[in-house]
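Chain letters run A, B, ... following the sequence lines, proteins first and then strands; every chain starts at 1.
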Amino acid sequence: MSTIIITLKDNTTKEIPSHSTAMTLAESISRRLAKEAIAAKVNGKVVDLMSELPPRATVEILTAEDGADALEVLRHTAAHVMAEAVMELFPGTKFGIGPAIKDGFYYDFAVKEPFKPEDLPLIESKMRELAAKKTPLVRHVASRAEALAFFAERDEEFKVELINDLPEDVQISYYESGSFVDLCAGPHLVDTAPIKHFKLLSLAGAYWRGDEKRPMLQRIYGTIFFKQADLDAHMHRLEEAKKRDHRKLGKELDLFSVQDEGPGFPFYHPKGMTVRNILEDFWRKEHRKAGYQEIKTPLILNRSLWERSGHWQHYRENMYFTKIDEFDYAVKPMNCPGAMLVYRNAMHSYKELPIRLCELGLVHRHELSGALHGMARVRAFTQDDSHIFMMPEQIEAEVGRVIALVDKFYTVFGLKYRVELSTRPEKAMGDIAVWRVAEAALENVLKHREINYKLNPGDGAFYGPKIDFHIEDSIGRSWQCATIQLDFQMPEKFDLTYIGEDGQRHRPVVVHRVLYGAIERFMAMLIEHYAGAFPLWLAPVQVVVMPITDRARGFAEDVREQLEAADIRVELDGRSEKIGFKIREAQMQKVPYMLVLGDKEVESGEVSLRTREGGDQGSMPIADMLAKLNAQVKAFK
RNA sequence: GCCGAUGUAGCUCAGUGGUAGAGCAGCUGAUUCGUAAUCAGCAGGUCGUGGGUUCAAGUCCCACUAUCGGCUCCA
């Protein structure tokens, strides 16, 4: 009998009969492992337990303890079971795709009538019924023609399209579980028994393949875990995340509002404005240090400018227009054309370069109504923009400087980010060869700095490729914040020049970049990041002074004045309420420090300090308290 | 923009065709209290907007509007 040699996770080897499956291997190791096995990882690739092992392979048997890989298999199978349930409950349904995703799974269906929320519990109980049968999932391999015929006969037009789009060399497979057969690469569970601890979460319309020109399917999202406790923990996390939602906190902490009179046009309230001003102050200080010069360009500019910049041709559907004295004008959706005009307004020498013009520029963009989202996606926002004019040979160094600045900013706020490189979109301006050069330049910087990034083909700006920095919100949605965009087009369009060493005119290169991105979105991310409990230096109200009785009122006024003189943002709560009530309110408003002043403090001249996180800290001299606060502010804490 | 859901007092929410409610917030008064809610009283609403059905609409129907979830994490 011929055998194969398998290397296990612990680097030991095992000899087993040829054509053995991963399941056989698991059984040969231990009965318990075979029982708990979910899938196998063969040479780094997750496969079915029933799949045949190759002659030589490194194999790891995955169990419920093996995290993301095992969960993905569970979730993918759960999606199939859900599809089977839908097939039984809603005959005539056609099937789109049903993958496992980060926190669960979904399946897209074409149904005659969209699902109603009441349908979810029905589907859920049908799933439980089906899963309890412990139906095996059987993998079949088919030729392209067979697969096409099979799904065409069932009128599964989406599956047919998927098969047609599969690469030539790929093995086409489908999985059978009970009466349901789905085109699927797998891997899957051996049977449906582990489909126990799940919940269907939401319904949504979703375009077939995300394309608005294609039919809209009905998507059901769900999640599943191996253990009930994990599911409970996940549901609890979702609840907790809701409490961090910047829209909820923005209301509760009275930071901003969005009103019917201006969808997507946020109103800053005094406290939100305080936070924003601090962000801007910090930004200005850092930019002066980094060699930037601040400018401000007009909100509304003539059509001819936008035609020259290409926005009139490439960005029109996102722009707002107006007429002045019968001439066409546009409200700026970007700050770049204005900055180009500032540069062009004078002659420049190579000795001046790079010229770093920065601008807190208010731009307006017509975002889809369905895409608006609190402060995170709005139609009017302030970009902390900059346009850096330089010689081509300065690109790498300058982009490196910008990346360092992004990192400095995000480190101050303790934000984690993910980097993406976006390349030429379909609707692009300019020569492809020039694009290639620009794309390569950005890629080089990332590689030299050893930054991990994801390639995002076709997602660049219409004038150039970009490096984006993404931040996740409280429920894991990713938002682009900082971005660095390389631009060879605008200098051309605006005929920008500098005089080189040789006395001749040369064409500069422009880098567009934002650090916060949009101040609105960045604030949204900060609110969620801190769950509304801003660190002292950002807190709209840093200290509330609370006299316990009217006898301490005078002292409280005095303390308030001293704090104000020391540039601390302070409020005095002189209402005739009990101290517990005042503390509760300040606590709910997430004020970092409270000063409780009663007879003892009046007597000693000290203040009793209470912190948002740590409670009562006892009493201390005012000077000590101020020193403590100032040190904390300086350290951005 | 598209699919679905939702819109009642400043906020959170009850109200299933028959006289618009609660808690909190607000205002007034009392209370002067030691680390997360003192008590009492008062006031507050074209039920998102417009139209329709009905003897009668917050409630049913239509349109609009705003908000919420989602619209490739690719078999």
>> Could you check whether atom NZ of A:K199 has more than 12 heavy atoms from other residues, nucleotides or ligands sitting under 6.0 Å from it?
In response: no
>> Please report the distance separating the C1' of B:A14 from the corresponding atom of B:A9, rounded so that it comes out in whole Å.
In response: 13 Å
> Between B:U46 and B:C62, how far is it from one P atom to the other, in whole Å?
Replying inline: 26 Å
>> In whole Å, measure the gap between the C1' atoms of B:G18 and B:U54 for me.
In response: 12 Å
> Does OP1 or OP2 of B:C68 have a side-chain N or O of A:R247 closer than 4.0 Å?
Replying inline: yes
>> Under 3.5 Å for both donor-acceptor distances, Watson-Crick or wobble: does B:G18 have a partner, and if so which one?
In response: B:C55
>> Counting the atoms with a prime plus P, OP1 and OP2 as sugar-phosphate, which does A:D165 contact under 4.0 Å by heavy atoms, base, sugar-phosphate, or nothing?
In response: nothing
> Does a side-chain N-to-carboxylate-O contact under 4.0 Å join A:R214 and A:E161?
Replying inline: yes
>> Check this for me: does any side-chain nitrogen of one of A:D616 and A:R610 sit under 4.0 Å from a carboxylate oxygen of the other?
In response: no
>> Go nucleotide by nucleotide along RNA chain B from the 5' end; which of A:K116 and A:A204 gets its closest nucleotide reached first?
In response: A:K116
> Where is the tightest heavy-atom contact between A:A39 and A:V46, given as atom of each residue plus distance?
Replying inline: CB-CG1, 4.0 Å
>> Mind checking if A:Q259 touches a base, just sugar-phosphate, or nothing, with heavy atoms under 4.0 Å?
In response: nothing
> Touch check for A:I97, heavy atoms < 4.0 angstrom, all strands: base, sugar-phosphate only, or nothing?
Replying inline: sugar-phosphate
> Taking only N and O in the side chain of A:Y593, is any of them less than 4.0 Å away from OP1 or OP2 of B:U35?
Replying inline: no
> A:E212 near the nucleic acid: base, sugar-phosphate alone, or nothing, with a heavy-atom cut-off under 4.0 Å?
Replying inline: nothing
> When we call it a touch if two heavy atoms are under 4.0 Å apart, what does A:P99 touch: a base, just sugar-phosphate, or nothing?
Replying inline: nothing
> What orientation do A:H246 and A:H373 show, parallel under 30°, tilted 30 to 60°, or perpendicular over 60°?
Replying inline: tilted
>> So A:Q171, base contact, sugar-phosphate only, or nothing? Heavy-atom distance under 4.0 Å.
In response: base
> If we take the C1' atom in both B:A20 and B:C47, what is their distance in whole Å?
Replying inline: 8 Å
> Counting any heavy atom closer than 4.0 Å, what does A:A206 reach on the DNA or RNA strands: base, sugar-phosphate only, or nothing?
Replying inline: sugar-phosphate
> Watson-Crick or G-U wobble partner for B:C42, using a 3.5 Å limit on both distances?
Replying inline: B:G26
> Do any side-chain nitrogens or oxygens of A:R477 fall under 4.0 Å of OP1 or OP2 in B:G69?
Replying inline: yes
>> Strictly by Watson-Crick or wobble contacts shorter than 3.5 Å, is anything paired with B:C2, and which nucleotide is it?
In response: B:G70
> What is the distance, rounded to the nearest whole Å, between atom CZ of A:F267 and atom P of B:A66?
Replying inline: 14 Å
>> What contact category does A:F581 fall into here, base, sugar-phosphate, or nothing, at under 4.0 angstrom with non-hydrogen atoms?
In response: sugar-phosphate
> Taking atom C1' in both B:G17 and B:C55, what distance in whole Å separates the two?
Replying inline: 12 Å
> Expressed in whole Å, how much space separates the P atoms belonging to B:G44 and B:A22?
Replying inline: 13 Å
> How far, in whole Å, is B:G4 from B:G58 if one measures between their P atoms?
Replying inline: 27 Å
> Is any side-chain nitrogen or oxygen of A:R219 closer than 4.0 Å to OP1 or OP2 of B:G4?
Replying inline: no
> Counting only side-chain N and O atoms of A:S369, is one of them less than 4.0 Å from OP1 or OP2 of B:G1?
Replying inline: yes
> Given B:A37, is OP1 or OP2 found less than 4.0 Å from the side-chain N or O atoms of A:K582?
Replying inline: no
> So, is A:H373 close to the B:G70 phosphate, meaning a side-chain N or O under 4.0 Å from OP1 or OP2?
Replying inline: no
> Taking CG from A:L253 and P from B:A25, how many angstroms apart are they, rounded to a whole number?
Replying inline: 17 Å
> Is any side-chain N of the basic residue among A:K41 and A:D66 closer than 4.0 Å to the acidic one's carboxylate O?
Replying inline: no
> A:E601 near the nucleic acid: base, sugar-phosphate alone, or nothing, with a heavy-atom cut-off under 4.0 Å?
Replying inline: base
> What does A:L183 touch in the nucleic acid at a heavy-atom separation under 4.0 angstrom: a base, only the sugar-phosphate, or nothing?
Replying inline: base
>> Just to be sure I understand the rule, does A:L201 reach a base, reach only the sugar-phosphate, or reach nothing, if contact means heavy atoms closer than 4.0 Å?
In response: nothing
>> Categorize A:F158 for me: base, sugar-phosphate, or nothing, with a 4.0 angstrom heavy-atom threshold over every strand shown.
In response: nothing
> Looking for any heavy atom pair under 4.0 Å, which part of the strands does A:L217 touch: base, sugar-phosphate only, or nothing?
Replying inline: nothing
> Heavy atoms under 4.0 Å, any strand shown: does A:D616 hit a base, just sugar-phosphate, or nothing?
Replying inline: base
> Rounded to whole angstrom units, what separation is found between the CG atom of A:D119 and the P atom of B:G4?
Replying inline: 13 Å
> Quick one: on RNA chain B, does A:H80 or A:G262 contact a more 5' nucleotide (nearest heavy atom)?
Replying inline: A:G262
> Who is the Watson-Crick or G-U wobble partner of B:A63, with both distances under 3.5 Å?
Replying inline: B:U49
>> Can you measure A:K251 atom NZ to B:C68 atom C1' for me and round it to whole angstrom units?
In response: 11 Å
